[in-house]
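For this chain, numbers begin at 1 and follow the sequence in order. Order of appearance sets the numbers: ligands from 1, and atoms from 1 within every ligand.
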Amino acid sequence: MPKSRSTQPQQRPTHTHGADVLVIGSGAAGLSVALHLAEHAKVIVLSKGALTEGSTWYAQGGIAAVLDDADSTESHVKDTLDAGAGLCHKEAVEFTVSRSKGAIEWLVGLGVDFTRSEAGEFHLTREGGHSHRRIIHSADATGRAVHSGLLGQALKHPNIELLESRVAIDLIRQPDPMSATLRCVGAYVLDKTQDHIECFTAKAVVLATGGASKVYLYSSNPDSASGDGIAMAWRAGCRVANMEFNQFHPTCLYHPKAKSFLITEALRGEGAVLKRPDGERFMPAFHPAAELAPRDVVARAIDHEMKRLGAPCMYLDISHRSAEFLQNHFPTVKDQCLKFGIDITQEPIPVVPAAHYTCGGVMVNTLGQTDLAQLYAVGETSFTGLHGANRMASNSLLECIVYAQSTAEDIRQRLATTPDPAPCKPWDESQATDSDEDIVIYHNWDEIRRCMWDYVGIVRTQKRLERALRRIELLQTEIQEYYTNYKISSDLLELRNLAMVAELIIRSAKIRKESRGLHYSLDYPHLSDSAQDTLLVPANLASQPIFVR
Ligand SMILES: Cc1cc2nc3c(=O)[nH]c(=O)nc-3n(C[C@H](O)[C@H](O)[C@H](O)COP(=O)(O)OP(=O)(O)OC[C@H]3O[C@@H](n4cnc5c(N)ncnc54)[C@H](O)[C@@H]3O)c2cc1C
């Protein structure tokens with residue numbers, strides 16, 4: 001509850017929903033937690049838009065798992081540790097990888113249809129950083145297959161209630177009768193269908209709200225990725241970690257109407273070259289492998305050229321391959337580009353790097369527990385220590401499924417001894433009026449995302465970070481004033497959370513005085529001898545946060 005809003009009697013009562021467990025988010029993480037719990041508890045799952053509108057639905061490649069006899073847990077662990085550039089928590093990596101086969105078997109048992117070879121075996125592909133074929137997939141739309149499987153089961157289960165268009169605003173805390181501290185007992189939620197605020201209470205609350213990549217101007221993520229869970233947990237007094245590590249995909253289609261369409265890396269594998277606006281190729285000057293250099297190197301090179309030339313995008317050219325080859329190998333890219341008037345058989349594709357994955361998040365242990373009793377975080381919202389300074393491809397969906405199971409198990413064990421929450425205080429909107437200037441929201445939304453792109457993007461300097469922080473702090477003051485005085489809307493809530501996570505990212509980036517994994521600083525281009533997480537610790541909810549390492 002924001003301190004500036006009173007919780008005293010208001011004009012109309014706040015409608016209250018109760019359940020054993022409240023899950024905020026209906027992606028792979030949230031639905032998996034709900035399904036694991038449904039035999040033991042009544043679960044409510046909230047989604048701020050349509051139930052399918054999260055990153056899970058858009059995942060393409062697949063899920064990493066040790067399924068082949070020639071592969072081993074040790075090898076998957078080693079590859080993950082190598083990709084993480086010294087920052088992965090080995091116990092989290094071992095915990096996740098050793099449960100990968102079980103996670104896939106669980107999905108198969110739910111009816112998820114993975115691609116099989118002619119012999120009937122699962123077809124496994126190989127991706128960057130993996131030393132074995134271990135990516136199980138469903139053609140090139142794995143996320144959709146996984147999400148459909150999970151959602152189909154959740155919709156059928158009588159103990160799971162799925163509610164769309166419900167935006168969680170903030171978590172509710174009450175004194176914990178079992179200890180001297182506070183515990184989480186629910187959340188205030190905006191019902192977009194009725195345009196009013198409701199109270200959801202539960203014995204346990206799970207944040208499964210996905211990542212925060214929408215904080216950047218260009219992102220491969222759907223609009224839902226505004227870091228709501230991270231911001232809510234931070235405001236409720238939970239630590240967050242490693243927020244400076246944001247993974248950028250090198251090539252996203254640059255077109256005003258193409259919001260988040262990825263141009264697959266396979267195009268470069270088949271000979272596509274990157275060019276400046278004048279048609280000159282530039283990658284050979286950056287890396288001996290040119291266009292086939294690692295993802296972060298390619299993203300940095302594109303960003304460097306864009307900034308140096310003041311160009312809005314670079315170009316990816318595969319027009320030298322035959323139209324027949326492109327139709328056979330890249331029908332989706334070809335058709336999508338054509339929709340925007342770009343014929344890839346004749347002309348280069350305008351591309352920009354795009355924010356793709358949030359490696360940091362709300363600190364949790366292997367049971368998904370956060371710093372606040374009875375509050376859990378799972379999936380991209382959480383920081384488990386698995387990804388370190390750079391996420392290895394296809395480890396993220398695996399993390400969702402594995403941690404959902406351990407989290408659900410911990411919740412289940414505690415349910416019987418957890419007392420019911422006290423009634424929640426009503427939400428007071430009696431002083432709030434309708435906004436007469438919605439332009440403030442849209443302007444600030446753009447300003448945050450552009451500021452983050454220009455100053456806190458792929459290549460950073462301390463000066464740019466300082467500049468960004470000043471601007472974000474100013475915007476936060478303006479947003480808080482708006483939040484206090486005007487009726488709440490979904491856009492305003494997302495803006496408030498975007499500004500919050502932007503601040504957390506900048507503060508984390510300022511603390512890291514080295515270049516490691518996804519964090520690259522021109523002021524500190526070298527790797528430090530010791531690898532340390534960046535921990536941000538809120539002093540407490542009501543006062544100004546103090547940042548310490
Ligand atoms: C284009 C693309 C391709 C990818 N490919 C792969 C891949 O091949 N393999 C892989 O492992 N990973 C991949 N990833 C990453 C992976 O998809 C995500 O990390 C993962 O799906 C995150 O799942 P999640 O359940 O944590 O969050 P999401 O799937 O993002 O779900 C978040 C949910 O939270 C809800 N929500 C958010 N805020 C609120 C709020 N305030 N109130 C109520 N509900 C809220 C949303 O509505 C949504 O239901 C890809 C990502 C993208 C974008």
Side-chain angles (χ1 to χ4, degrees), residues 22-34 44-65 100 103 125 127 135-138 140-147 150-151 162-171 187-192 200 206-214 219-233 247 249 252 259-265 354-359 361-362 377-382 384 386-387 391-401 403-404 490 493-494 496-498:
L22 174 66
V23 178
I24 307 176
S26 65
L31 290 177
S32 301
V33 171
I44 291 180
V45 179
L46 305 180
S47 168
K48 70 174 165 182
L51 290 169
T52 49
E53 200 50 16
S55 288
T56 301
W57 184 261
Y58 298 94
Q60 298 170 350
I63 308 178
S100 62
T125 59
E127 285 181 341
I135 316 299
I136 189 165
H137 62 105
S138 187
D140 63 351
T142 308
R144 192 181 309 184
V146 169
H147 200 272
L150 295 171
L151 188 57
L162 292 145
L163 297 172
E164 289 186 322
S165 300
R166 303 300 204 287
V167 191
I169 303 169
D170 263 319
L171 299 165
Y188 290 103
V189 175
L190 170 68
D191 177 352
K192 289 200 282 183
F200 285 74
V206 181
L207 289 170
T209 54
S213 288
K214 272 285 158 186
S219 169
S220 67
N221 286 202
D223 285 347
S224 58
S226 49
D228 296 8
I230 298 170
M232 281 189 276
Q247 190 171 63
H249 193 286
C252 201
K259 252 187 155 177
S260 5
F261 183 66
L262 281 190
I263 307 292
T264 167
E265 296 187 48
H356 190 53
Y357 187 82
T358 309
C359 292
V362 184
V378 187
E380 201 171 328
T381 303
S382 68
T384 62
L386 171 67
H387 305 301
R391 173 192 74 125
M392 193 165 69
S394 292
N395 265 352
S396 36
L397 282 171
L398 176 65
E399 183 187 46
C400 290
I401 309 297
Y403 277 80
S490 174
L493 293 172
E494 285 186 345
R496 176 174 172 247
N497 291 330
L498 278 180

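- When only interatomic distances are considered, the shortest N/O to N/O separation between Pro222 and ligand 1 does not fall below 3.5 Å.
- Inclusion of Glu380 in the set of residues having an N or O under 3.5 Å from an N or O of ligand 1 is warranted.
- Checking only distances, His356 never comes within under 3.5 Å of ligand 1, N or O to N or O.
- With hydrogens and angles disregarded, a donor-acceptor distance shorter than 3.5 Å links the side chain of Thr142 to the backbone of Gly61.
- Set against the non-hydrogen atoms of Leu397, the atoms of ligand 1 under 4.0 Å away are 9 (N), 10 (C), 11 (O), 12 (N), 21 (O).
- Closest to atom 53 (C) of ligand 1, if we only count protein heavy atoms, is Asn221 ND2, 3.3 Å.
- Nearest protein neighbour of atom 29 (O) of ligand 1, counting heavy atoms only, is Thr56 OG1, 2.5 Å.
- Interface atoms of ligand 1 facing Gln60, defined by a heavy-atom separation under 4.0 Å, are 3 (C), 4 (C), 5 (N), 8 (O).
- For ligand 1, one of its N or O atoms has an N or O atom of Ser396 under 3.5 Å away.
- An N or O contact shorter than 3.5 Å links Gly62 to ligand 1 by distance.
- Residue Cys400 comes nearest to Val378 through the heavy atom pair O-CG1, 3.9 Å, listed as atom of the first residue, atom of the second, then distance.
- For ligand 1, the polar-atom distance check finds no N/O of Tyr58 at less than 3.5 Å from any of the ligand's N/O atoms.
- Scanning the protein for heavy atoms near atom 8 (O) of ligand 1, the closest one is Gly61 N, 2.8 Å.
- Heavy atoms of Cys400 approach ligand 1 to within less than 4.0 angstrom.
- Taking distance alone, with nitrogen or oxygen atoms compared against 3.5 Å, Leu262 stays at or beyond that limit from ligand 1.
- In terms of protein heavy-atom proximity, atom 43 (C) of ligand 1 is closest to Arg166 O, 3.1 Å.
- Judged by distance alone, with hydrogens and angles left aside, the side-chain atoms of Ser138 form no donor-acceptor pair with the main-chain N or O of Ala141 at under 3.5 Å.
- With Ser165 contributing its side chain and Lys192 its backbone, the two residues share no donor-acceptor pair below 3.5 Å.
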Audit row: Leu151, Leu162, side-chain contact (heavy atoms from CB on, under 4.5 Å) steps and yes/no: CA-CA 9 Å; Leu151 188 57; Leu162 292 145; 4.3 Å; yes

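- Between the side chains of Glu380 and Ser55, not a single donor N or O lies within less than 3.5 Å of an accepting N or O.
- Of all atoms in ligand 1, numbered sequentially from 1 with element shown, those under 4.0 Å from a heavy atom of Tyr357 are 19 (O).
- Here's the thing with Val167: none of its N/O atoms is less than 3.5 angstrom from an N/O atom of ligand 1.
- Annotation: atom 42 (N) of ligand 1 to nearest protein heavy atom, Ala168 N, 2.8 Å.
- Of all atoms in ligand 1, numbered sequentially from 1 with element shown, those under 4.0 Å from a heavy atom of Ile24 are 42 (N), 43 (C), 44 (N).
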Residues Glu494, Lys214; criterion salt bridge (charged side-chain N to carboxylate O under 4.0 Å, His left out); working and verdict: CA-CA 10 Å; Glu494 285 186 345; Lys214 272 285 158 186; over 6 Å; no

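- His249 contributes no side-chain N or O that, together with a main-chain N or O of Ile263, makes up a donor-acceptor pair within less than 3.5 Å.
- His387 and Gln247 share no donor-acceptor pair across their side chains, judged by distance under 3.5 Å alone.
- When the options Ser396, Ser219, Ser213, Ser220 are evaluated for a side-chain hydrogen bond (donor to acceptor under 3.5 Å, both in side chains) with His356, the one that passes is Ser220.
- Listed by atom number, the atoms of ligand 1 under 4.0 Å from Ala29 heavy atoms are 25 (O), 26 (O).
- Nearest protein neighbour of atom 35 (C) of ligand 1, counting heavy atoms only, is Gly25 CA, 3.6 Å.
- Residue Arg391 places a heavy atom less than 4.0 Å from ligand 1.
- Within the 4.0 Å heavy-atom criterion, the part of Ala208 lying near ligand 1 is the backbone and not the side chain.
- Numbered from 1 in the order shown, with element, the atoms of ligand 1 that lie under 4.0 Å from a heavy atom of Asp228 read 38 (N), 39 (C), 40 (C), 41 (N).
- Judged by distance alone, with hydrogens and angles left aside, the side-chain atoms of Thr56 form a donor-acceptor pair with the main-chain N or O of Ala28 at under 3.5 Å.
- Note: no N/O pair closer than 3.5 Å links Thr381 and ligand 1 by distance alone.
- Using modelled atom types, no side-chain atom of Ser26 and backbone atom of Leu46 make a donor-acceptor pair closer than 3.5 Å.
- Considering backbone and side-chain atoms alike, Ala59 places every N or O at 3.5 Å or more from each N or O of ligand 1.
- With hydrogens left out, the protein atom closest to atom 44 (N) of ligand 1 is Lys48 N, 3.2 Å, a heavy atom.
- Close contacts of ligand 1 with Gly379, meaning ligand atoms under 4.0 Å from a residue heavy atom, involve 26 (O).
- Within the listing of ligand 1, atoms 46 (C), 47 (O), 48 (C) sit less than 4.0 angstrom from a heavy atom of Glu53.
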Glu399 and Thr384: CA distance, side-chain angles, deciding distance, side chain to side chain donor-acceptor pair (under 3.5 Å) verdict: CA-CA 9 Å; Glu399 183 187 46; Thr384 62; 2.6 Å; yes

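- Between Ala103 and Leu398, the closest heavy-atom pair is CB-CD1, 4.2 Å.
- Between Asp170 and Arg496, the shortest heavy-atom contact is OD2-NH2, 3.0 Å.
- Across all non-hydrogen atoms, the minimal contact from Ala59 to Leu397 is CB-CD1, 3.8 Å.
- Closest non-hydrogen pair, Ser224 versus Gly54, comes out as OG-CA, 3.7 Å.
- Atom 27 (O) of ligand 1 has as its closest protein heavy atom Gly210 CA, 3.3 Å.
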